[in-house]
There are 2 protein chains.
Amino acid sequence: MYKNEKSDEKFCMHPHGHSRGSHALVSDCADGIPRRLARAFILLFLAEGPSHGYEIARSFRESMPKGFCADPSVLYRMLKSMEEEGLMTSSLEESTSGPPRKVYSLTDDGYEALDMWASGLDGLSELLADFQKRYGRLRKGGK
Amino acid sequence: MYKNEKSDEKFCMHPHGHSRGSHALVSDCADGIPRRLARAFILLFLAEGPSHGYEIARSFRESMPKGFCADPSVLYRMLKSMEEEGLMTSSLEESTSGPPRKVYSLTDDGYEALDMWASGLDGLSELLADFQKRYGRLRKGGK
DNA sequence: ACTAATAGTGACAATTTGTCAATAGCTTAA
DNA sequence: TTAAGCTATTGACAAATTGTCACTATTAGT
């Protein structure tokens, strides 16, 4: 299963149209915000409280732009590798409404990683602000 | 040669420390902002005026955080693939101070792509603002 | 018994990056 | 005149990341 939302429309960030007919289509891009940023949000979710993969996936679906919501297997894979990196630990917990869940919680290294992401993302914000300023100048001044 | 800046310190975004001793080091991360964003800035540079690879590389070095400055070959490769996607065209121009340069300028598709990046990055900015808000709440309230 | 929601794993291909060697033109100074 | 050093670009290969999809398994409701 897991045939989730196909053909996203928003947050297109790499128009690889190959000149389809006359001009690039907007609707043919599937990703959006770089996938790696999902790690930052996973850390944030877990800092707000322990959780398991399926629930984290739901949080993404409910509060993030569609194009940013990875296929569940991608999410699970991230959780696994982040655990291997020592950013979180997991424990199986029985559920009343389905199979047992793997509940993750952050380690100290995980909190540290979150802090580093936070400052890294500050840098990214500045960069984006710069981009937008210069882009805005273009639209006013030239062309 | 091209042995450019080694061991960057800033804009670390993926601490993969594997618990080196006791806690993750900050200085062992080499990337930073996702490389793909460089494409947006390349388009921006070229929208500000035609340019060639070597100069674009210099612009990056001079106005972007170190970790975001790709190895020149990476930059050249991007330019090549973006040209293949029809976002820009190139023409060889003689230089008085070295070998001929490949000067790129944006096509209409290139300007369109820039516009799409601009709106995509708006979305990213919102996402980051959200992250920062939630991260800030954490630091005040809990833990 | 069947279906749907819940919960997670594994394998493989495709794409994107990182790294580094190689080529080549031009300028300056020993 | 030759070597050093900046300018300018290309190419190949390995490593890492991502996308896709099939698969297993438990529980709840009809």
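Throughout, protein chains are lettered first and strands after them, A, B, ... in sequence-line order, and every chain is numbered starting at 1.
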**Student:** For A:Tyr54 and C:dA5, give me the distance from atom OH to atom P, rounded to whole Å.
**Tutor:**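 Atom OH in A:Tyr54 sits about 8 Å away from atom P in C:dA5.
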**Student:** Go through C:dT9, D:dA8, D:dG11 for me and flag the one nearest to the B:Pro99 side chain.
**Tutor:**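 Of C:dT9, D:dA8, D:dG11, D:dA8 is nearest to the side chain of B:Pro99.
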**Student:** The side chain of B:Asp71 lies closest to which of these nucleotides: D:dA25, C:dT19, D:dT17?
**Tutor:**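 Out of D:dA25, C:dT19, D:dT17, the nucleotide with an atom closest to B:Asp71's side chain is C:dT19.
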**Student:** Of the nucleotides C:dT9, D:dA8, D:dT18, which one has an atom closest to the side chain of A:Ser73?
**Tutor:**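 From the listed options, C:dT9 comes nearest.
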**Student:** From the set C:dG10, D:dG19, D:dT7, return the single nucleotide nearest to any side-chain atom of A:Val74.
**Tutor:**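 Closest of the options to the side chain of A:Val74: D:dG19.
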**Student:** OP1 or OP2 of D:dT7 sitting under 4.0 Å from any side-chain N/O of B:Arg101?
**Tutor:**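 B:Arg101 to D:dT7 OP1/OP2: no side-chain N or O under 4.0 Å.
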**Student:** In whole Å, I'd like the distance from the CZ atom of B:Arg58 to the P atom of D:dA8.
**Tutor:**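 Answer to the nearest Å: 7 Å.
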**Student:** B:Met78 has an atom CE; how far is it from atom P of D:dA8, in whole Å?
**Tutor:**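 My rounded result for the distance is 21 Å.
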**Student:** Heavy-atom nearest nucleotide on DNA chain C for A:Pro100 versus A:Lys80: which residue maps closer to 5'?
**Tutor:**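 Nearest nucleotide further toward 5': that of A:Pro100.
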**Student:** Taking CD from A:Glu84 and C1' from D:dA16, how many angstroms apart are they, rounded to a whole number?
**Tutor:**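 Those two atoms, CD and C1', are 14 Å apart.
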**Student:** Please determine if a side-chain N or O atom of A:Tyr76 lies less than 4.0 Å away from the OP1 or OP2 oxygen of C:dT9.
**Tutor:**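 False: A:Tyr76 side-chain N/O out of range (4.0 Å or more) of C:dT9 OP1/OP2.
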**Student:** How long is the line joining CD1 of A:Ile56 and P of C:dA7, in whole Å?
**Tutor:**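 One finds 12 Å between P of C:dA7 and CD1 of A:Ile56, rounded.
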**Student:** Between B:Ser97 and A:Arg77, which residue's closest nucleotide on DNA chain D lies nearer the 5′ terminus?
**Tutor:**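 In this pair, the answer is B:Ser97.
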**Student:** Considering only heavy atoms from C-beta outward, does the side chain of B:Leu46 approach that of B:Leu87 to under 4.5 Å?
**Tutor:**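 Sidechains of B:Leu87 and B:Leu46: no contact.
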**Student:** Starting from P on C:dA7, measure out to CD on A:Glu93 and report it in whole angstrom.
**Tutor:**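 Spelled out: CD on A:Glu93 to P on C:dA7 is 12 Å.
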**Student:** Check the angle between the aromatic planes of B:Phe68 and B:Phe41 and answer parallel, tilted or perpendicular using the 30° and 60° thresholds.
**Tutor:**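 B:Phe68 and B:Phe41: perpendicular rings.
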**Student:** Between atom CZ in B:Phe68 and atom P in C:dG18, what is the gap in whole Å?
**Tutor:**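 The answer, rounded to whole Å, is 11 Å.
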**Student:** Could you state the CG-P distance from B:Leu75 to D:dG11, rounded to the nearest angstrom?
**Tutor:**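 Between P of D:dG11 and CG of B:Leu75: 16 Å.
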**Student:** Given A:Phe131, which of B:Leu121, B:Leu124, B:Leu37 fulfils the side chain to side chain contact (heavy atoms under 4.5 Å, CB included) condition?
**Tutor:**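 For A:Phe131, the side chain to side chain contact (heavy atoms under 4.5 Å, CB included) test succeeds with only one of B:Leu121, B:Leu124, B:Leu37, which is B:Leu121.
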**Student:** Ignoring the backbone of B:Arg35, work out which of D:dC6, C:dA7, C:dT17 is nearest its side chain.
**Tutor:**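 Of all the options, the side chain of B:Arg35 is nearest to C:dT17.
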**Student:** Compare all side-chain heavy atoms of B:Glu48 with those of A:Arg137 and state whether any distance is below 4.5 angstrom.
**Tutor:**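 When only atoms from C-beta onward are counted, A:Arg137 and B:Glu48 do not touch, as no gap falls below 4.5 Å.
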**Student:** Using a strict cut-off of less than 4.0 Å between a Lys/Arg side-chain nitrogen and an Asp/Glu carboxylate oxygen, indicate whether B:Asp71 and B:Arg77 qualify as a salt bridge.
**Tutor:**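 No, this pair does not count.
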**Student:** If you only use heavy atoms from C-beta on, which nucleotide in D:dT10, D:dT7, D:dT18 is closest to the side chain of A:Arg39?
**Tutor:**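 It is D:dT18.
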**Student:** Give a yes or no on whether a donor-acceptor pair under 3.5 Å exists between the nucleobase atoms of D:dT7, that is its base, and the side chain of B:Ser95.
**Tutor:**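 Looking at the base of D:dT7, it does not pair with any donor or acceptor on the side chain of B:Ser95 (distance under 3.5 Å).
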